[in-house]
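For reference, the structure discussed in these notes is given below.
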Amino acid sequence: MEYLLRDLRRTHYTGSVTEDVIDEEVTIMGWVHEIRDLGGIIFLLIRDIEGRIQVTAPSKKLPAEILEDIRALRKESVVAIKGKVQSSSKAPNGVEILPSEITVLNMADQPLPMDPTEKVKAEIDTRLNSRFLDLRKTGVSAIFKIRNQMFKSIREYFADNNIIEINTPKLVASATEGGTELFPITYFEREAFLGQSPQLYKQMMMSAGFDKVYEIGQIFRAEEHDTLRHLNEAISIDMEASFMDDTDVKNILNDMMVKLINDVNDNCSNELDILDYKLEVPQGKFQDIDYDEAVDLINARGIEMEYGEDLSREAEKVLGDAMDDFYFLSGWPTEIKPFYVMPCEDQSQKCHAFDLMYKNLELSSGATRIHQYDLLVEQMIAKDLSPESFESYLKAFKYGMPPHAGWGLGADRLNMVLTGVENIRECVLFPRDRHRLTP
């Protein structure tokens, strides 16, 4: 029979059922991970957010009704188990629970659409179609515990450096960066779009005098990619700072990454062990290579690349093999960067833009921004954009916009780097790509 909680409450998570509580009565709650009925004795493994604990039910020591309740259980059912903790050298954690009361909170249907015990491997589409079950896997949940630490560390870094958190609209009237990769939506009697970046808003906050800001939020790109590193809905970590240039915000990004990797290694050692992965903490300043040098290096290694092109996948791989794990790619051609990026004073065909790379994966793009109204309008026109479409944005540049710089960092790709997974869909609870809109 299934029950509500009523007066029943958990006293311990599995992780705190240790030798310190031997001979104490505890109540645990979780999922039935495994059942082994050996006739004279039944073993249960119960799983919760902290791990697993063995429940041992010897027929000679327990009432018949408890044994019947256990035999009626199905894998992945939700239960509450009260019992006494005892030492056991053969149990996974050196302790086990001798049950005195078992309450079924929800019995799971059978058969399961997939095996969440990690014994049977499933294809990524099968896993994503039953993501709630997939997330019960220890290895999968480890990815999201590390992701949680990632956001915690990043917010701590921003708070420690007096960088203010903001939240900007995700429904916008026009393109953020002038591109065409936008998802149109019906907004009452007019057309609107899902925002592809908080870029224009965080620049407007510089005019508002907020000095240094950041945002962690969704971005949407209607690009028809079908790769292991692209999604159409992603989480972006964005920051912008007044009275700084690209060198300054590179240093911020560099320092934040070092803190983040240290924190993950220190606080997620169990999860990293589960994933059998650990990222080395980079020392000092990241290597920095100019775009011109990168083009020469790529060509010298047998991959053809013209000056003025973005990096192909092959070019990224060749460059990643030649550089340190983390490195900046700087001094990009003005022509292939957005209109708001500041051109170099002595070489207007180049600009103050950079990417942060990890091996062959782009993690972040940043730049010194144009803060002069006339130059900004000139750059818009040069890129075939209509200044009238950016009227609200441009207004902020007429009445005292300070010099400023910033960057955007892909949280989902960053989580790939921190966990060692190769498919970005592994790092998103419910990913959205060109083929997937559910669950």
Side-chain angles (χ1 to χ4, degrees), residues 2-36 42-57 62 66 69-70 73-108 112 115-119 131-153 156 263-277 415 418-419 429:
E2 299 176 16
Y3 291 88
L4 298 173
L5 283 176
R6 305 187 192 280
D7 295 330
L8 193 62
R9 290 295 180 273
R10 172 169 47 199
T11 64
H12 292 72
Y13 286 92
T14 59
S16 58
V17 181
T18 65
E19 293 179 351
D20 294 336
V21 294
I22 286 176
D23 293 330
E24 292 185 21
E25 187 176 72
V26 300
T27 299
I28 61 168
M29 297 182 180
W31 286 259
V32 177
H33 185 76
E34 191 175 323
I35 307 170
R36 287 187 294 138
I42 307 172
F43 296 102
L44 289 180
L45 274 183
I46 304 299
R47 184 188 68 247
D48 65 13
I49 187 66
E50 291 191 358
R52 302 168 192 169
I53 191 74
Q54 180 172 291
V55 176
T56 302
L62 297 180
I66 288 185
D69 288 343
I70 293 175
L73 290 175
R74 302 174 194 151
K75 288 176 67 172
E76 297 305 312
S77 296
V78 181
V79 296
I81 295 181
K82 181 184 290 187
K84 189 174 184 180
V85 180
Q86 57 186 24
S87 178
S88 173
S89 59
K90 295 181 180 180
N93 304 323
V95 293
E96 61 187 7
I97 296 173
L98 190 69
S100 58
E101 184 179 329
I102 294 179
T103 303
V104 179
L105 298 172
N106 207 318
M107 189 73 82
L112 299 167
D115 178 19
T117 67
E118 301 178 270
K119 291 182 178 179
R131 188 60 157 159
F132 62 93
L133 277 174
D134 186 53
L135 289 163
R136 296 181 191 179
K137 295 178 182 176
T138 305
V140 177
S141 63
I143 293 170
F144 291 93
K145 290 176 183 178
I146 291 171
R147 185 182 174 98
N148 176 66
Q149 179 64 54
M150 175 183 79
F151 285 124
K152 179 181 178 183
S153 295
E156 284 176 354
D263 287 353
V264 168
N265 287 348
D266 289 346
N267 299 315
C268 299
S269 58
N270 183 54
E271 288 72 27
L272 293 169
D273 286 344
I274 290 169
L275 296 172
D276 192 22
Y277 179 79
N415 197 208
L418 296 174
T419 58
L429 287 174

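Only this structure's heavy atoms are used, side chains among them; waters, hydrogens and symmetry mates stay out. Position 1 is the first residue of the sequence, and the numbers go up from there. Keep in mind that this is a model prediction, so the values were computed, not measured.
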Taking all atoms of both residues into account, what is the closest heavy-atom pair of I102 and D69, and its distance? O-OD2, 4.3 Å
Identified side chain to side chain contact (heavy atoms under 4.5 Å, CB included) counterpart of L62 within the set I42, L98, T56: L98
NZ on K82 to CG on L8, rounded to 0.5 Å: 6.5 Å
Tell me the closest heavy-atom pair linking M107 and S77, and the distance in Å. SD-OG, 3.2 Å
Could you tell me whether the side chain of T419 and the main chain of N415 form a donor-acceptor pair under 3.5 Å? yes
Let me have the donor-acceptor pairs involving side chains of residues 17-36, under 3.5 Å, with sequence neighbours excluded, atom names and distances please.
from	atom 1	to	atom 2	distance (Å)
T18	OG1	D20	N	3.2
H33	ND1	R47	NH1	2.7

Below 4.5 Å, heavy atoms only, C-beta onward: do I97 and K84 meet side chain to side chain? no
Please set out all donor-acceptor pairs under 3.5 angstrom arising from side-chain atoms of residues 132-147, sequence neighbours excluded.
from	atom 1	to	atom 2	distance (Å)
D134	OD1	R127	NE	2.8
D134	OD1	K137	NZ	3.2
D134	OD2	R127	NE	3.4
D134	OD2	R127	NH2	3.2
D134	OD2	R131	NH1	2.5
R136	NH1	E76	OE1	2.8
T138	OG1	R52	NH2	3.0
S141	OG	K137	O	3.2
S141	OG	T138	O	3.1
K145	NZ	I49	O	2.6
R147	NH1	D412	OD1	2.9
R147	NH1	C427	O	2.7
R147	NH2	D412	OD1	2.9

Looking at A108 and K75, what are the two nearest heavy atoms and their distance? CB-O, 3.5 Å
Within the structure provided, determine whether L418 and M150 are in side-chain contact (heavy-atom separation under 4.5 Å). yes
Do the side chain of D115 and the main chain of T117 share a donor and acceptor less than 3.5 angstrom apart? yes
In short, R9 meets R6 closest at the heavy-atom pair NH1-O, 3.0 Å
Within the side chain of S269, is there an N or O that forms a donor-acceptor pair under 3.5 Å with the backbone of D266? no
Can you measure from CG (N93) to OG (S87) and round to the nearest 0.5 angstrom? 11.5 Å
